[in-house]
Structure formats: structure tokens, C-alpha cells
Amino acid sequence: MTSAQAIDKLERDGHGAYVESYDPDAQRMTLNMGPVHPATHGVLRLLLELDGETVMKCEPIIGYLHTGMEKECEDQNWRQAVTIVTRMDYLAQFSNELVYSRAVDRLLDIDVPPRGRYIRVLMSELNRLSSHLVWYGTQGLDMGAMSALFYGFREREVIQDFNEMVTGLRMNNGYIIPGGVWEDLPDGWEPAVESILALMSRRIEEYEELLTFNPVFLERTRGVGVISKEVALALGASGPIARASGIDLDLRRDAPYEVYDKLTFDVPTLTEGDVYARYQVRMIEMRESLKILRQVVDGMPGGDYKNMDPKLTPPPRSELNRSMEAVIHHFKLMTQGYTVPEGEVYEAVESPRGELGCYTVSSGGTAPHRVHVRDPSFANLQLLPPAAIGGLVADLIAVIASLDPIMGGVDR
Amino acid sequence: MALPEILTGMKVVIRNVFRRKETRGYPEVRRQPFPRFRGRHVLDRHPDGLEKCIGCELCAGACPADAILVVGAENTPEARFSPGERYAQIYQINYLRCIFCGLCVEACPTEALLMTTEYEISGSSREDLIFSKDQLIIDTPIVRHWDTKKEYPPESSFDIKQLGTKR
């Protein structure tokens with residue numbers, strides 16, 4: 001096969017790198033959008049077939065950010081794999097760590113102390129806020145509201161600072177570990193969260209003022225990219241996208257994990273299923289997150305923040321100088337790691353983007369046999385073609401922003 | 001027309017114009033990270049000048065990114081580097097691989113390996129970013145909040161800027 005034939009074949013199959021063509025008979029244009037396009041939120045490539053400005057066919061092509069993270073987990077021990085899973089959906093790092101840690105917790109059949117559970121919820125709810133702030137900024141930017149991006153990222157910065165204060169890093173923290181959390185909250189965490197709460201409740205009002213009734217924004221979002229309840233159910237949608245289409249589903253309420261059963265919050269559900277409904281659902285969710293955070297701060301118990309089983313947790317550093325036992329445990333944990341009994345579990349949590357699941361198989365060794373992550377971005381991205389077909393190219397941009405896919409999570 | 005709604009949005013923008021500026025003029029104004037910040041590593045010394053590192057390679061084993069290389073050697077009465085039997089003859093951290101997860105610091109049994117709040121790690125070649133032992137080791141012992149539950153700002157015991165220029 002000559003190279004010209006090879007390109008022809010790739011074009012016919014629609015998978016080539018070079019597929020921009022115009023079919024004069026059908027008056028259709030085949031167009032590549034991405035993988036490097038500012039509006040596709042990362043390295044998402046869309047193969048579009050256009051009739052004038054109307055999208056007739058839309059095929060997402062993924063894999064440009066595939067780095068084999070699931071496979072990489074199998075090379076690490078159970079504790080080290082936390083640093084890998086946190087990099088999958090990099091805007092919801094705590095949700096990733098939480099779901100993996102919960103899976104390992106269940107395989108190990110251990111208890112997490114109440115304080116550890118509360119800290120886990122505190123961090124993942126703050127994470128939900130910061131993730132939605134990025135979505136708010138990019139959704140605004142894609143609709144032409146540049147200031148929305150500035151405001152969203154400005155407030156996200158405050159939460160990133162809190163992450164740094166608690167965990168030592170701003171992203172990819174590796175803070176939630178099997179058995180609890182790595183370090184206790186530092187002094188002064190409470191005023192810090194209080195100030196975030198006070199700031200955010202004021203600023204969410206401002207976001208709403210800026211966009212919610214803006215006629216340009218309404219024009220571009222209302223009735224655009226409608227996803228019906230049936231389609232959403234058939235394609236496995238979850239999270240804000242499912243809730244905007246009338247599916248009343250939230251794992252925090254339906255399958256409570258950690259301490260969510262002790263907290264009261266509402267789950268917003270709308271039935272329109274368009275971009276504007278998804279916008280509204282996320283805005284209400286940010287308010288609900290604030291409510292949850294208020295209860296978590298008030299209810300934060302004292303005590304241990306991680307399971308203190310010496311077979312699982314390295315001994316306190318002061319013990320190392322005194323006890324031979326502690327030194328042995330320390331060396332054993334740091335060289336080999338702990339073993340996890342044979343078995344397989346599926347755990348799921350509600351990440352900012354939907355149901356984030358982790359299917360973990362242990363063969364009884366010190367490293368995972370398999371870690372599969374069911375990422376909500378991946379499942380939700382399937383809704384792009386039904387939502388975009390029949391609309392204009394400009395509407396496609398709005399739909400991508402409202403689905404909020406994170407390519408790190410899609411490709412893993 | 002929908003003028004009132006547009007004006008409400010504009011009000012927000014105008015209000016934000018007069019808010020405090022959030023950006024910093026970076027090279028002149030440097031951000032001081034929080035005490036827990038996990039930045040560039042240092043190798044600590046005992047107060048008597050001996051190295052704390054005993055060349056046990058636990059840090060290299062704990063590293064998920066394979067960024068650390070340690071080759072240990074025996075101390076001799078003529079050349080004594082650390083209090084125990086062994087010391088690290090070669091100690092390298094590859095900052096092209098390091099993910100700053102802090103597992104090596106947790107693994108170190110003698111508190112020799114610590115993380116500072118220095119975040120300006122860049123180089124002009126790949127070799128520049130493989131830090132060797134003489135770049136990592138410091139002369140003044142420092143205190144870390146680890147396990148004491150107290151936060152010591154790292155700049156109280158040594159100067160971060162000086163550390164960067166020393167190499």
C-alpha cells in the first residue's frame with residue numbers, strides 16, 4: 001500500500017490524522033476540532049461533519065493523554081499507588097484518592113477513625129467547590145464572558161492555598177491514604193475554612209449576578225445541547241449532567257459513604273437537560289457544598305486521623321529512637337509495604353463530575369493486581385454526540401464546556 | 001431590550017475593578033509557601049557536623065517515581081561521615097522525575113532527608129536537575145514540624161535564597 005492509499009484508507013475510516021476534506025456532492029465538510037484547541041478543554045479531538053454550520057456528525061477521539069496510569073498502579077505498592085490515582089482526574093484529586101483509599105480500606109477490612117472520615121469529607125467537598133469554579137470559569141470563557149474565568153480562578157486560588165496549607169501541595173496531593181489521611185489538619189485550619197465559607201457565599205452571589213440573567217448567556221445556553229432523560233440513562237450519565245436531565249441520582253445521598261449520612265443537604269434536580277440546566281445544577285451544588293462544609297467544620301471530632309494499626313501505619317517518629325519493634329515495622333512498611341488480602345471490590349463516590357468508581361483486585365500481594373477507575377468524564381463524554389448533533393458549531397463549544405470533561409480522567 | 005440585566009453584570013465587573021489586585025510581580029515579589037509545602041529536598045546534619053544520612057536506601061525504595069539513587073559505603077576510622085556504620089557515598093535526586101509526594105521524607109528513619117519550601121527548581125539542561133549530594137547537604141541543622149505537631153517556618157533556621165545560590 002502506498003502512502004497515498006494509506007491516507008485514503010485512514011480518511012475513509014475516519015481515524016486518520018489528516019482528514020480535512022470537502023465533499024461537493026453532499027455539501028459536507030469533514031473537520032478536525034482539536035486535539036489542540038482551546039475550547040476542547042485539553043486534548044480532546046472531535047471529528048466533525050458539517051453541513052454549513054450545522055453539526056451532522058460528531059465523533060470524539062480520545063487517547064491523546066493516555067499515560068497508562070492504571071497499569072502504573074500495578075508497579076507500585078498499595079501506599080504508593082495513591083500518588084498515581086490522584087493524577088487521573090487532576091481537578092478532582094481528592095475524590096480520586098478517596099475512592100481508591102475506600103476500596104483498599106474495604107479489602108483490608110479496617111476502620112477509619114471519625115476524624116479521618118471528617119477530614120476526607122472536608123477535603124473532597126472543598127475540592128468539589130474548586131472543580132466547579134474551574135468549570136464556571138471555562139463555561140463563561142467559552143460563552144465569551146472573560147471575566148468569569150478570572151473570577152473563577154481567583155477564588156479557586158484560595159482553595160488551592162488551603163490545600164497547600166493542609167497537604168503541602170496544591171494539586172496531586174496524595175493526602176487521603178488507605179486507613180485515613182496522611183497528616184492531621186494544621187493549626188489554624190478552622191479560621192481558614194471559615195474565611196473560605198464566608199468568601200464563597202458572597203462570591204457565588206456575584207457569579208449569579210454576572211451570568212444567570214445575562215441575555216447573551218441565556219441566548220447561548222437555553223435550549224442548547226438538550227440531553228433527554230432516556231439518552232442520559234442509556235449512555236450512563238451521572239453527576240450534574242444526569243441531574244440536569246431529570247435523573248435524581250447522587251451517591252452522597254443514595255449510597256452514603258464516609259459521614260454523608262450524618263449531613264443534611266439537598267440534591268438539585270432539573271428536567272430541562274440543556275446547558276443552562278447544567279449551569280443551574282452546578283451553581284446550586286456549590287451552595288450545597290458550602291452547607292456541607294459548615295456542618296463538617298461544626299462536627300469535626302477529635303482523636304486519631306488515621307488507623308493506627310502498626311502493620312499499616314508507620315510508627316511515630318519519636319518511637320524509632322526507642323523501640324526496636326517500631327524500627328522493624330518502619331523498615332518493613334517502607335521497603336515492602338503492607339499486604340492486602342485476596343479479593344476484589346468496587347467502590348464508588350460522587351466526584352464533582354459524577355460517579356467515580358474504583359474496581360480493585362488484590363492477589364494477596366503488596367501491590368494491586370488491577371486498579372480500574374470508572375471515570376465520570378469518560379462516561380459523560382459519550383453524551384457529546386447526541387447533544388451536539390443538529391446544533392451549530394458554536395453550540396458544540398457550549399456543550400463541551402457544560403459536560404466539563406477532564407481528559408486526564410478520560411484517558412487515564 | 002435586556003439592558004437592566006446587562007447593567008447588573010457590568011456592576012459586578014466594575015466592583016471587581018476596585019478590588020485588591022490578586023497578581024504578584026513574580027521575580028520581585030516572591031510568595032512564601034506554607035510551612036508544610038513540599039519543595040526541594042535537603043540532607044540534614046547532626047549538630048556535631050556528621051551527616052544524618054546512613055545510606056539505608058529506604059527513601060529510594062519508597063519513591064514511586066524512582067527519582068532517588070543512593071549508593072552506600074562503610075565508614076572507616078580515617079574517613080567518618082556519619083555516626084553509624086554506613087554513609088551515603090553517592091546520593092542523587094533527579095528533579096526531572098520527582099513528584100514531590102513526600103514519601104521519601106516519611107521513609108527516612110534518621111530524619112536526614114527533609115523538604116524545604118523552595119519551589120524555584122529549574123535548570124538549563126537535564127544534568128543540571130540531577131542534584132548530587134553536595135548540592136543537597138546543608139551545614140546548619142533545621143527543625144521540621146514532622147511528628148512534633150508544631151509548625152516551624154523553615155526560614156527561621158536558614159535562608160532559602162542563600163540555599164539556592166550556594167550550588
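Treat the numbers as computed from the prediction; the structure is a model and nothing was measured. Within every chain, numbering begins at 1; the chains are lettered A, B, ... in the order of the sequence lines, protein sequences first and strands thereafter. Computed from heavy atoms alone, side chains included, the values below leave out hydrogens, waters and symmetry copies.
With a 4.5 Å cut-off on side-chain heavy atoms, B/Ile99 and A/Asn172 do not count as touching. You'll find the side chain of B/Glu106 reaches within 4.5 Å of the side chain of A/Arg79, heavy atoms only.
Considering all non-hydrogen atoms of both residues, B/Arg38 and A/Asn173 come closest at NH2-O, 2.9 Å. B/Pro64 and A/Gln80 make their closest contact through N-NE2, 3.9 Å (heavy atoms, listed as atom of the first residue, atom of the second, distance). Scanning both residues, B/Arg36 and A/Val166, for their nearest heavy atoms gives NH1-O, 2.7 Å.
Ion pairing between A/Glu206 and B/Arg19 holds under the 4.0 Å rule for side-chain N and carboxylate O.
Judged by distance alone, with hydrogens and angles left aside, the side-chain atoms of A/Glu164 form no donor-acceptor pair with the main-chain N or O of B/Pro33 at under 3.5 Å.
Within 6.0 Å of CD in B/Glu85 there are 12 or fewer heavy atoms belonging to other residues, nucleotides or ligands. Surrounding CD of A/Glu219 are at most 12 heavy atoms belonging to other residues, nucleotides or ligands under 6.0 Å away. Crowding of A/Glu190 atom CD: a count of heavy atoms from other residues, nucleotides or ligands under 6.0 Å exceeding 12. Remark: A/Phe213 CZ is loosely packed, at most 12 non-hydrogen atoms of other residues, nucleotides or ligands lying under 6.0 Å away.
Contacts between A/Tyr151 and chain B at a heavy-atom distance below 4.5 Å involve the side chain alone, from C-beta outward. For A/Ile177, no part lies near chain B; criterion is any non-hydrogen pair under 4.5 Å. Using a 4.5 Å cut-off between heavy atoms, B/Cys63 touches chain A through its backbone atoms (N, CA, C, O) alone.
In terms of non-hydrogen atom pairs under 4.5 Å with chain A, the most contact-rich of B/Ala65, B/Ala60, B/Pro109 is B/Pro109. Of all the listed residues (A/Glu72, A/Glu157, A/Gln336, A/Arg203), the one sharing the greatest number of non-hydrogen pairs under 4.5 Å with chain B is A/Arg203. Comparing A/Asp161, A/Thr335, A/Asn77, A/Asp75 by heavy-atom pairs within less than 4.5 Å of chain B, the highest count is held by A/Asp161.
In terms of the side chain to side chain contact (heavy atoms under 4.5 Å, CB included) criterion, residue partners of A/Ile196 (sequence neighbours excluded) are, by chain and number, A/Leu126, A/Val158, A/Ile159, A/Phe162, A/Met200.
Interatomic distance, OH of B/Tyr119 versus CZ of A/Arg170, reported as 10.5 Å (0.5 Å rounding). From A/Trp182, atom CH2 reaches atom SG of B/Cys101 across 6.5 Å, with rounding to the nearest 0.5 Å. Atom-to-atom distance recorded for B/Cys108:SG and A/His330:NE2 is 7.5 Å, nearest 0.5 angstrom. For the atom pair OG1 (A/Thr83) and CZ (B/Phe100), the distance works out to 13.5 Å, reported to the nearest 0.5 Å. We find the CZ-CG distance between B/Phe37 and A/Leu169 to be 6.5 Å, quoted to the nearest 0.5 Å.
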For residues 6-14 of chain B, which side-chain donor-acceptor pairs fall under 3.5 Å, sequence neighbours excluded?
residue: B/Thr8; atom: OG1; partner: B/Pro4; partner atom: O; Å: 2.6
residue: B/Thr8; atom: OG1; partner: B/Glu5; partner atom: O; Å: 3.2

* **Evaluation steps, side chain to side chain contact (heavy atoms under 4.5 Å, CB included), between B/Glu111 and A/Leu320** => CA-CA 10 Å; B/Glu111 289 184 68; A/Leu320 286 185; over 6 Å; no
